[in-house]
Asker: 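Can you read through this structure? Questions will come right after.
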Amino acid sequence: MATTTPSRGRRRAPSRMTRAAGKAAALQKPRVILALLLLLALTSVMLLDGYLRAEVGGDERVRSNASSSKVPDKVLDGGPILSFRGGEAQSQSVPEKTIALTFDDGPNPTWTPQILKILEENDVPGTFFVVGSMVSRYPSIVKDLVNQGNEIGIHTFTHVDLSYQSDDRIAREMDQTQLALAGAAGITTTLFRAPYSSEADAIDNYSWPVYKKLGEEGYTSVFVDTDSDDWKRPGVSKIIKWATPSKNKGASVLFHDAGGERSQTVKALGTYIKKMKAKGYTFTTISGAIRQTESANQQANGQTGQTAQNGQQPGSEQSEQAGGQVPGGQQGQQPGQNGQLGQSGQAGGVNSLQAAHRTATGTTLYEGKALVAAVAVAEWTVPGLATGLAVVGVAVMGRFGMMLILARRHYRQRNKRRFSWGPTVTQPVSVIVPAYNEKECIANTLESLAKSTHPIEIIVVDDGSTDDTSQIARDAARSFGMTNVRVIRQENAGKPAALNNGVRSASYDIVVMMDGDTVFEPDAVHQLVQPFADPEVGAVAGNAKVGNRNTIIGAWQHIEYVMGFNLDRRMYDLLRCMPTIPGAIGAFRRDAVLEVGGMSEDTLAEDTDITIAMHRGGWRVVYQEHARAWTEAPASLKQLWSQRYRWSYGTMQALWKHRKSLTDKGPSGRFGRVGMPLVVIFQIITPVFAPLIDVFTAYSMIFIDFKAALLAWLAVLGIQLVCAAYAFRLDREKYRYLLMMPLQQLAYRQMMYLVLIHSCITALTGGRLRWQKLKRTGEVGTPAGVS
């Protein structure tokens, strides 16, 4: 029965299937975008985490022995506190018998809380020059630090030597730290200490412009009078000795609360404070030292006015340097009082010791909270992913090992001279060929079946084709002299319905199912049906091979079929939990198919669905490597995406449909507790995580250790090549295709990952997908012509 062809030039109205397919395609686009956005978000989280750890954008250069010829002598010879009020450099010193305890490189979750406890016990404040990345990672410690009455200064965001950085980088280092402080404690600060700085006389021609620029923006730069050198871990006694000012001089004393193991600092600090108090020293913050110096200067000049008498804070305007500019965008706002320590160590108002702080409001506050929240996500996500990937990596390596061992065992077992399924199966079988618009391929398919060495009947089920598939099938049967071909036409209902129609129409007890674009080797049917000599066998999976392998995409799929599909099937066969009989070549007991309800339309992977149903029906499913069929793989990336998307989504549907097998007994329970976990782990979970392995590898190559990351990648590739080479050997394939494997890992595999992620998103969002027909070319001819 020929199909009527529309007259030329007349537009045919879109069919219901065409409209549905278009609607489905429109629904898939947002999910593709969501999948890509998810991968982008994870990549961004990794980059953020790397930036916090100075892996991304880190700069370990430290300048030394540079000239200071351009630095004013009054700065080099001045005190440790440098400001630029009115644009002119001014140095200040800490008053006599006064110590400003300063701590660099924190906060640290181990050492900073211990130091804060010692300061609180001794009723002493400290000034902490914090690293912005650490602030964003440990915001609660910073909040405790401020609430206790201590002062905070900026030590850049990533602890880089600013003399090497551009103006933009310097601005980012400062602004990002201000945002971190705003998000952590609701403040910004005017104090700054450069990483790797020491005393003021160490300022050189490269760092001097940085201090000037920051001073003009309202920052006060703080240096060191006395360095404890605690980072060297010289011992508690030496730390105390080196931190003690000479004679009765005041000093800005440097300790560290992070940047390494600080147990000696913790042990020394309490003893040091008690020793200095016994000598008559008082402790203050940097702002407190500034006010004491200015107050003393005013008294010396007879300029103590009504400000102090009226209860106003002396020197309160000094922190609004450079014409009232305040870093962080806060114009002179003072934080509320929290019972902070006074200049002598007694509890006092916040304004007396935290004049450098400004209350963060508006955009600064909300951006800071957003930064801290993003960092919290990264801090939880990246270690979790790293742990998950380590587990996945071990599982993948374990799978490779298990595949090699079981594949070898399967091959030796099935190729023994004495191996037999039982008496040779010689009775005729029915071959069912579902076809929808297969005019390019159906003749080749029938020609290959005409050469079958096993007696067969052929049932071509035309599923409402709109081309000449039926007529071409009849013509091909006549031309090949085939009297065993029946062509059945039905309204378009999908591949499962076509297969069920064929099963109902079959004349024999064993039915072989194949695709309309597949060609069989002459002995394929005979080899395929031999396992049915064992009465426990209900279904047999054949060996599907890519016929159009002479393109890059075809070669990639050829490697995948030989390495992945066939090694997997050998493994699953021995474990008695085969998950899928390929649609291209498979055989079933007809009664068994009818017993489990036939080919289901519940899922898009009818081959996986029926295979699991056979297990649940108590039948054994095996793999017959010698039954070979050649199929036409998708020739374009778009078609490949469509096919694999359907496979992935359909597999998930089938697993969910048969989830009760997890608690079943017998063969069904065996599949549920052995096969289903293996499929979920190695066909869903592992591939979903696999893109992250590549992202981590690329990240490591770019930001951490290129050589080590490259060697690791090559090692994994080498293992895969070994597995692939062994699979090619078992299937007697030519090794030359393995030359495409490195490129496959870089391009093809990534696409497969995205397909699976897309499928997972579709499943999680409850999406539906129709069976999709791939465009065929008919380039796969008879098996004899395949190289």
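This structure is a prediction, so every number in the text was calculated from the model and none was measured.
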Asker: Quick check: do S470 and R474 have side-chain heavy atoms less than 4.5 Å from each other?
Answerer: yes
Asker: Please check this pair: side chain of R576 against backbone of P667, looking for a donor-acceptor N/O pair closer than 3.5 Å.
Answerer: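 No, because the side chain of R576 does not come within donor-acceptor range (under 3.5 Å) of the backbone of P667.
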Asker: Quick check: does any side chain N or O of S668 sit under 3.5 Å from a backbone N or O of R616, one acting as donor and the other as acceptor?
Answerer: no
Asker: Going through the distances and angles, do F728 and H558 end up as a ring pair (Phe, Tyr, Trp, His ring centres under 6.0 Å)?
Answerer: CA-CA 10 Å; F728 271 57; H558 172 49; 5.3 Å; yes
Asker: Within a strict 4.5 Å, meaning less than it, do heavy atoms of the L499 and M513 side chains meet?
Answerer: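 A side-chain contact exists here, since the closest heavy-atom pair is under 4.5 Å.
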Asker: In chain order, what residues pass the side chain to side chain contact (heavy atoms under 4.5 Å, CB included) check against D731, with sequence neighbours excluded?
Answerer: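 D731 satisfies side chain to side chain contact (heavy atoms under 4.5 Å, CB included) with N543, K545, V562, N566, R570, E733 once adjacent residues are dropped.
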Asker: Within the structure provided, determine whether Y436 and T469 are in side-chain contact (heavy-atom separation under 4.5 Å).
Answerer: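 They are not in side-chain contact.
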Asker: Do the side chain of E606 and the main chain of E601 share a donor and acceptor less than 3.5 angstrom apart?
Answerer: no
Asker: What's the spacing between D609 CG and K657 NZ if we round to 0.5 Å?
Answerer: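 Taking CG in D609 and NZ in K657, the distance rounds to 3.5 Å.
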Asker: So, does D607 use its side chain to make a donor-acceptor pair with the main chain of T580 at under 3.5 Å?
Answerer: no
Asker: What about the rings of H410 and Y572, do their centers lie closer together than 6.0 Å?
Answerer: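 No, the ring centres sit 6.0 Å or more apart.
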Asker: Counting only N and O atoms by type, is there a donor-acceptor contact under 3.5 Å from the side chain of Q557 to the main-chain atoms of V546?
Answerer: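 Side chain of Q557 to backbone of V546, a donor-acceptor pair under 3.5 Å: no, none is there.
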Asker: Answer yes or no: is there a side-chain heavy-atom contact under 4.5 Å between Y726 and M563?
Answerer: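 Of all side-chain heavy-atom pairs linking M563 with Y726, none is under 4.5 Å.
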Asker: So do D591 and R589 actually touch side chain to side chain, heavy atoms under 4.5 Å?
Answerer: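 SC-SC contact between R589 and D591 ruled out.
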Asker: With side-chain contact (heavy atoms from CB on, under 4.5 Å) as the criterion, how do F419 and R412 come out once you've worked through the C-alpha distance, each side chain's angles and the decisive distance to 0.1 Å?
Answerer: CA-CA 10 Å; F419 175 79; R412 297 184 65 178; over 6 Å; no
Asker: Between D468 and K439, does any side-chain N to carboxylate O distance fall below 4.0 Å?
Answerer: no
Asker: Any side-chain to backbone donor/acceptor pair from S452 onto L449? Under 3.5 Å, distance only.
Answerer: no
Asker: Hey, could you give me each pair passing ring-ring contact (aromatic ring centres under 6.0 Å, His included) that has a residue in residues 492-512? Not counting sequence neighbours.
Answerer: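 Sorted result for residues 492-512: empty, none.
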Asker: Side-chain contact test, heavy atoms from C-beta onward, threshold under 4.5 Å: evaluate it for M514 versus I585 and give yes or no.
Answerer: no
Asker: For R486 and S505, indicate whether the former's side chain and the latter's backbone hold a donor-acceptor pair under 3.5 Å.
Answerer: yes
Asker: Looking at L594, I'd like to know if its CG atom is crowded, meaning that more than 12 non-hydrogen atoms belonging to other residues, nucleotides or ligands lie closer than 6.0 Å.
Answerer: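 More than 12 within 6.0 Å, yes.
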Asker: So among Q530, H526, Q527, which one has a side-chain hydrogen bond (donor to acceptor under 3.5 Å, both in side chains) with H454?
Answerer: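 It is H526, the one option of Q530, H526, Q527 that forms the side-chain hydrogen bond (donor to acceptor under 3.5 Å, both in side chains) with H454.
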Asker: Quick one: does any side-chain atom of S661 pair with a main-chain N or O of H658 as donor and acceptor, under 3.5 Å?
Answerer: yes
Asker: Return yes if some donor-acceptor pair links the side-chain N/O of N484 with the main-chain N/O of I456 below 3.5 Å, else return no.
Answerer: yes
Asker: Is the distance between the ring centroids of W647 and Y649 under 6.0 Å?
Answerer: no
Asker: Okay, side chain of N548, backbone of A633: is any donor-acceptor separation there less than 3.5 Å?
Answerer: yes
Asker: Charged N to carboxylate O below 4.0 Å: is that the case for D573 and R409?
Answerer: no
Asker: Any heavy-atom pair between the side chains of V529 and Q624 that's under 4.5 Å?
Answerer: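 They are not in contact (no side-chain heavy atoms under 4.5 Å apart), so the answer is no.
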Asker: Above 12 or not: heavy atoms from other molecules or residues under 6.0 Å from CZ of R729?
Answerer: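 Counting neighbours around CZ of R729, 12 or fewer heavy atoms of other residues, nucleotides or ligands fall under 6.0 Å, so no.
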Asker: Passes side-chain contact (heavy atoms from CB on, under 4.5 Å), M740 versus I559? Steps please.
Answerer: CA-CA 9 Å; M740 300 295 298; I559 296 172; 4.2 Å; yes
Asker: Would you mind reporting whether L730 and L567 have side-chain heavy atoms less than 4.5 Å apart?
Answerer: yes
